[in-house]
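Here the structure is a predicted model, which means the values were calculated and not measured. Just follow the structure's listing: the first ligand is 1, and inside any ligand the first atom is 1.
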Amino acid sequence: MNLKEAYDSAKKRLLAAGVPDADLDAWYLLEYAAGISRARYFADPDRAMTEEQAELYNDCIERRSARVPLQHITGVQEFMGLEFEVNEDVLIPRQDTETLVEEAVRILQREKSRFSGRRARILDLCTGSGCILLSVLNCCGLPAEGTGTDLSEKALVVARRNAGKLKIPASFVQGDLFGALESAPERFDMILSNPPYIRTEEIGRLQEEVRLHDPVMALDGRDDGLYFYREITERCGAYLNRDGYLMFEIGCDQAGDVAGLMRRQGFADVKLKKDLAGLDRIVYGRYSKED
Ligand code: GLN
């Protein structure tokens, strides 16, 4: 079978299985299975696939038809221009989350005179694949050091592997939010988190790729979806330097609630930022309380 025939029949199979963006996914999986670039495909679409490539492609299309996420098949997701390894132990990094990274980098740059002569210290709670922490460290252009925490030891295995592959030094510690740090209490200039924020009762209505393949632990924000925002906002005072920042990714209907929680805990300049789709996505503020 040649490349073009294989692609056309794969696309049909994905369409028949109701896979969203069937044409794109058939394409990405062809790149993955045949190890070719788009340019090479168009230079010679009649080139025969080897038996091994055809078998691998068939296998990939079968799994994708069963709604296994594309990224679990290829094992990677691009985020902030970096390639992150992913598997079923971590949430697949979402493009929306790049808004949090971009805003964090902008604030670190703006505040850089505060860190002169030392490293900026960054904490990422519920780090998952480590995508937020590692890309902030990579993009901020300042001497900085970072710690990521997660309740899941399996997620941290992935985060540590990503740090190693990308050659971005960071430490990853297991534990329940700040509980991961208790052995060595320390303060940070910025705390970031994209915590689980879906209401428990909504999880069953999410698309199959998310509901069955992302870790439930990375999705479930309990009854009202706000559990982690409450816990983090109430407890972070002991871990933030004065005028340090707390920055959250939020669900698009949670801005008012999360901003309210932050103001009640002594945060100033609480701001909201939308994602590229125009939905509320980031809430952040400066910790101005004396303690
Ligand atoms: N921080 C990780 C991400 O944004 C994981 C988030 C989570 O598990 N809820 O991709």
Open item on the list: Nearest non-hydrogen contact with atom 7 (C) of ligand 1 belongs to which option: L192, N194, V101?
Closed with: N194
- [ ] May I ask you to identify the nearest protein heavy atom to atom 5 (C) of ligand 1, giving residue, atom name and distance to one decimal place in Å?
- [x] C126 O, 3.5 Å
TODO: Specify the protein heavy atom at minimum distance from atom 8 (O) of ligand 1: its residue, its atom name, and the distance to 0.1 Å.
DONE: A218 CB, 3.1 Å
Open item on the list: Between T127 and D150, do the side chains contain a donor N or O and an acceptor N or O under 3.5 Å apart?
Closed with: no
Task: Within 6.0 Å of CD in Q95, more than 12 heavy atoms from elsewhere - done: no
Open item on the list: Please tell me whether E249 and T97 have a donor and an acceptor in their side chains that are separated by less than 3.5 angstrom.
Closed with: yes
Open item on the list: I need the contact type for T127 against ligand 1. Using non-hydrogen atoms and a strict under-4.0 Å cut-off, is it side chain, backbone, both or neither?
Closed with: backbone
Task: Centroid-centroid under 6.0 Å between Y245 and Y287 rings - done: no
Task: Parallel, tilted or perpendicular: ring planes of Y41 versus Y7, cut at 30 and 60 degrees - done: perpendicular
Task: Part of S129 within contact of ligand 1 (heavy atoms, under 4.0 Å) - done: neither
Task: Option passing salt bridge (charged side-chain N to carboxylate O under 4.0 Å, His left out) with R199 (candidates D223, D253, D220) - done: D253
- [ ] For atom 10 (O) of ligand 1, grab the closest protein heavy atom and report residue, atom and distance to one decimal in Å.
- [x] C131 SG, 3.4 Å
Task: Close-contact set for ligand 1 against P195 heavy atoms, below 4.0 Å - done: 9 (N)
